Amino acid sequence: VQLVESGGGSVEVGGSITLSCVHSGPGSSLYMAWFRQAPGKEREGVAYRGFLATTRYADSVKGRFTISKENRNNTLFLQMNNLKPEDTAMYYCAADFRSFVWDSFPLLGAIEPDYWGQGTQVTVSS
C-alpha cells in the first residue's frame, strides 16, 4: 500500500483546507487516519476512520475537522475548518489492515500503522 497526500498550504486563521490521501491497491478494508507533527512536538493523531466508517477525533479538532473516504477513488479526505495557528503542522496519512493498531487512537500504540504517506504541510497564520 502506498499513500500520497496532497492539499496542504497556507491559510489565515479561520480559514479552511481539505487534505487528500490517495492509496494504491484495494483498500476497502483499510483502517486509515490522519496524524500531524509540529516542529519540536510529538506526532499526534487527528482523525481516524475504520473500514466500516466509524470515526474518532482528537479533542482539539472535534467540531472543526471531518474525515471521510471515497472508496471508488481510493481517497481519504480531511476537511479542516476554522483553522487555528496551533493546527500548523506536517500532516500525514496512515493506514493499516489491523484493527488493534488503532485501539489507543489518537495516541499511537506500541505497534504503529504499517503504511505512511510522505506528509503535506499546513500553515495557519494569524
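Computed from a predicted structure; not experimentally measured. Atom set for the values below is all heavy atoms of this structure, side chains included, hydrogens, waters and symmetry mates excluded.
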Just verifying a value: how many Å separate Asn81 CG and Thr66 OG1, rounded to the nearest 0.5 Å? 6.5 Å
Heavy atoms from other residues, nucleotides or ligands near CD of Glu12 exceed 12 (cutoff 6.0 Å): no
Determine whether Ser16 and Gln79 make a side-chain contact, defined as any pair of heavy atoms from C-beta on separated by less than 4.5 Å. yes
Any Lys/Arg nitrogen of Lys62 or Asp59 sitting under 4.0 Å from an Asp/Glu carboxylate oxygen of the other? yes
Look up atom CZ in Arg43 and atom CD in Glu112, then write down how far apart they are to the nearest 0.5 Å. 4.5 Å
Following the transitive rule for hydrophobic clusters with a side-chain heavy-atom cut-off under 4.5 Å over Ile, Leu, Val, Met, Phe, Trp and Tyr, establish whether Leu19 and Val1 coincide in one cluster. yes
Rounded to the nearest 0.5 Å, the OH atom of Tyr92 sits from the CZ atom of Arg36 at a distance of 13.5 Å
Joint cluster assignment, Trp116 & Ile111, ILVMFWY side-chain distance < 4.5 Å: yes
Evaluate the side-chain proximity of Asp114 to Arg98: yes if any heavy-atom separation is below 4.5 Å, no if none is. yes
For Gln121, does the CD atom sit with more than 12 other heavy atoms under 6.0 Å from it, leaving out its own atoms? yes
Do the side chains of Val122 and Phe65 join up, straight or via other hydrophobic residues, at under 4.5 Å, putting them in one cluster? yes
Contact check, side chains of Val101 and Tyr31, non-hydrogen atoms, under 4.5 Å: no
Shortest non-hydrogen pair, Ser126 vs Val13, comes out as CA-CG2, 3.5 Å
Supply the atom-to-atom distance Ile67 CD1 to Trp34 CH2, rounded to the nearest 0.5 angstrom. 8.0 Å
Are the side chain of Gln118 and the backbone N or O of Glu5 linked by a donor-acceptor pair below 3.5 Å? yes
Side chains of Asn82 and Lys84: any donor to acceptor distance under 3.5 Å? no
Show, in sequence, the C-alpha distance, side-chain angles and deciding distance for Val46 and Tyr57, and conclude whether the side-chain contact (heavy atoms from CB on, under 4.5 Å) test is met. CA-CA 6 Å; Val46 175; Tyr57 295 91; 5.9 Å; no
Indicate, with yes or no, if Met80 and Val22 share a hydrophobic cluster defined by side-chain heavy-atom contacts under 4.5 Å among Ile, Leu, Val, Met, Phe, Trp and Tyr. no
For the student: nearest non-hydrogen atoms of Asp87 and Val124, plus distance: CB-CG2, 4.3 Å
With sequence neighbours excluded, what pairs up with Tyr48 under the ring-ring contact (aromatic ring centres under 6.0 Å, His included) test? Trp102, Phe105
From Asn73, Thr75, Thr120, residue fulfilling side-chain contact (heavy atoms from CB on, under 4.5 Å) relative to Ser20: Thr75
Which pair of heavy atoms, one from Leu3 and one from His23, lies closest together, and at what distance? CD2-CB, 3.4 Å
Evaluate the side-chain proximity of Met32 to Cys21: yes if any heavy-atom separation is below 4.5 Å, no if none is. yes
How long is the straight-line distance from CG of Asn74 back to NZ of Lys69, given to the nearest 0.5 Å? 6.0 Å
With the 4.5 Å side-chain cut-off for hydrophobic clustering, are Val4 and Leu78 part of the same group? no
